[in-house]
2 protein chains.
Amino acid sequence: MSSYGQFCPVAKAMEVLDERWTLLVLRELLLGSTHFNELRRGVPKMSPALLSKRLKSLERYGLLTREGTQGQTMYQLTDAGRELAPVIDGLGAWGLRWIGDLGETDLDPHLLMWDIRRTVPIDRWPRRRTVVSFELQGFRSVGSHWWLVVADGEADLCDVDPGYEVTAVVTGSLRALTRLWRGDVSWPQAVRGGDVAISANSFVTRQIPVWLGQSRLASTPRVQVG
Amino acid sequence: MSSYGQFCPVAKAMEVLDERWTLLVLRELLLGSTHFNELRRGVPKMSPALLSKRLKSLERYGLLTREGTQGQTMYQLTDAGRELAPVIDGLGAWGLRWIGDLGETDLDPHLLMWDIRRTVPIDRWPRRRTVVSFELQGFRSVGSHWWLVVADGEADLCDVDPGYEVTAVVTGSLRALTRLWRGDVSWPQAVRGGDVAISANSFVTRQIPVWLGQSRLASTPRVQVG
DNA sequence: CTGTATCCATGGCGATACTG
DNA sequence: CAGTATCGCCATGGATACAG
């Protein structure tokens with residue numbers, strides 16, 4: 001909105017990008033979200049009014065297009081928007097290396113499970129329907145129990161028991177599972193340290209790290225501590 | 001300052017970086033500025049109070065250190081700060097490709113000359129003192145006439161005639177010279193099109209594009225138009 | 001030269017409710 | 001499902017003056 005009064009390309013870029021939430025919306029679009037409420041799930045703490053405003057702004061700047069008229073709008077990145085992928089990946093890698101400490105308010109079970117659901121490498125899972133249950137310890141509120149159902153090449157997420165046979169149960173605190181997902185620790189480290197437990201037969205127990213994996217940025221090398 | 005409530009590394013990074021001016025201050029530090037008033041010249045439209053606040057914030061987040069106690073403070077990037085270089089370069093490259101239109105308020109003679117001064121490849125200049133004068137056409141205010149003095153391995157910038165013999169005069173509108181500097185057009189294009197003129201003997205005229213060059217990001221490939 | 005102190009207006013943004 | 005409408009706070013940050 002407000003200009004920096006500089007011809008520098010970094011300044012011109014930041015005029016478009018430095019408002020709160022903007023880059024996170026772009027992250028969601030890059031991860032494949034295309035509809036309003038799908039985007040909302042990726043930025044749940046953002047008000048719908050503000051999301052709407054940002055989407056308009058991004059359209060005006062030519063980073064995305066909106067398609068479909070009544071009640072079925074679809075947002076898609078333009079070439080300009082898609083070319084921000086390396087910048088956002090760079091920011092993620094930097095954040096992972098240098099902003100490692102997570103506060104309590106950074107932890108969010110819904111956000112974690114939602115990210116797992118959309119990232120999980122389905123092609124490495126068994127053909128037949130497979131259900132992994134997650135039990136987040138340390139709080140009794142809703143959102144402590146989840147079921148990840150992979151079937152027919154799709155992953156679904158439930159916060160109520162879908163009733164299918166459970167192939168494995170993954171247990172740990174929200175913090176431990178978040179750190180594992182981000183790649184702050186590896187699967188072997190987390191399991192050996194007792195922070196995360198897998199309950200299943202021995203074959204499945206060995207497969208779980210492969211089935212679930214870690215977030216896309218998890219392989220970023222960390223800063224040596226000590 | 002205010003949290004996004006997300007564990008995502010991009011969100012954690014933006015908590016540190018998305019405030020207005022922050023990334024431009026980091027750009028200045030990456031380009032080698034170390035003192036308060038040196039930084040100010042790179043972000044002249046930023047109030048000193050706000051710059052001070054940002055520097056404190058960046059120090060708190062561990063992106064820079066301040067050294068020297070009384071009246072001679074020196075700011076230096078930490079490893080964490082320096083590792084933002086690829087992100088900022090990426091933003092610059094993106095801005096150059098996709099935010100090409102410059103408004104009148106984006107043009108600033110002081111900022112342009114200051115950037116030229118610190119970027120110029122001194123080792124390609126003659127050994128003896130060489131002065132290039134710039135005449136920015138199109139407005140009669142102060143800041144339309146500059147002298148770039150390269151001597152003893154240093155480049156100095158004057159907005160009053162230093163009195164030395166002038167080796168070459170470069171003439172053009174502020175917009176034309178800015179576009180040339182950013183690399184939106186090449187030296188041959190700018191000269192052939194008449195937007196920029198060089199007045200000097202034929203040898204020097206051929207050397208000027210080598211001596212002055214273009215900004216660091218100028219080589220970023222542009223979007224094909226038509 | 002290197003900042004700090006203070007003031008103030010703006011509007012960004014969060015919250016909530018509501019509509020086609 | 002896909003947004004809009006409205007409200008109001010308070011923090012951001014711009015301006016100016018001043019201090020060590």
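Order of the sequence lines sets the chain letters (A, B, ...), proteins ahead of strands, with each chain counted from 1.
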B:Lys53 NZ to D:dG13 C1', straight-line distance once rounded to whole Å: 7 Å
Listed nucleotide nearest any side-chain atom of A:Arg66, set D:dG14, D:dG3, C:dG3: D:dG3
Any A:Thr73 side-chain nitrogen or oxygen under 4.0 Å from OP1 or OP2 of D:dG3: yes
B:Arg179 and B:Asp195 ion-paired at < 4.0 Å: no
B:Trp21 side chain near D:dT12 phosphate (N/O to OP1/OP2, under 4.0 Å): no
Closest listed nucleotide, where the reference is the side chain of A:His35 and the choices are D:dA2, D:dT6, C:dG3: D:dA2
Sidechain-backbone polar pair: A:Arg129 side chain, A:Glu165 backbone, donor-acceptor under 3.5 Å: no
Among D:dC1, D:dA5, C:dG14, the nucleotide that comes nearest once only the side chain of A:Ala49 is considered: D:dA5
Nearest to side-chain heavy atoms of A:Asn37, which nucleotide of D:dG3, D:dA2, C:dT4: D:dA2
Value in whole Å for how far the C1' atom of D:dG13 lies from CG of B:Asp18: 14 Å
Parallel, tilted or perpendicular: ring planes of B:Trp146 versus B:His110, cut at 30 and 60 degrees: perpendicular
Side-chain (B:Thr78) to main-chain (B:Leu63) donor-acceptor, under 3.5 angstrom: yes
D:dT4 phosphate, OP1 or OP2, under 4.0 Å from A:Lys56 side-chain N/O: yes
Nearest-Å distance for atom pair CZ/P, residues B:Arg41 and C:dG3: 14 Å
Atom-to-atom span, CG of B:Leu50 to P of C:dA9 - whole angstrom: 19 Å
Among D:dG3, D:dA15, C:dC13, the one nearest A:Arg20 by side-chain distance: C:dC13
Whole angstrom value for the distance that separates P of C:dG14 from NZ of A:Lys45: 11 Å
Pair A:Glu15, A:Ser3: side-chain N/O donor-acceptor within cut-off below 3.5 Å: yes
Separation of C:dG3 C1' from B:Arg54 CZ (nearest whole Å): 16 Å
Rounded distance (Å) that lies between atom P of C:dC1 and atom CG of B:Leu51: 15 Å
Interatomic distance where CD belongs to A:Glu38 and C1' belongs to D:dG3 [whole Å]: 16 Å
Distance test, side-chain N/O of A:Tyr75 to OP1/OP2 of D:dG3, below 4.0 Å: yes
Touch class at under 4.0 angstrom, heavy-atom based, for A:Arg40 against every strand present: nothing
Nearest listed nucleotide, side chain of B:Gln72, among D:dT12, C:dT6, C:dC1: C:dC1
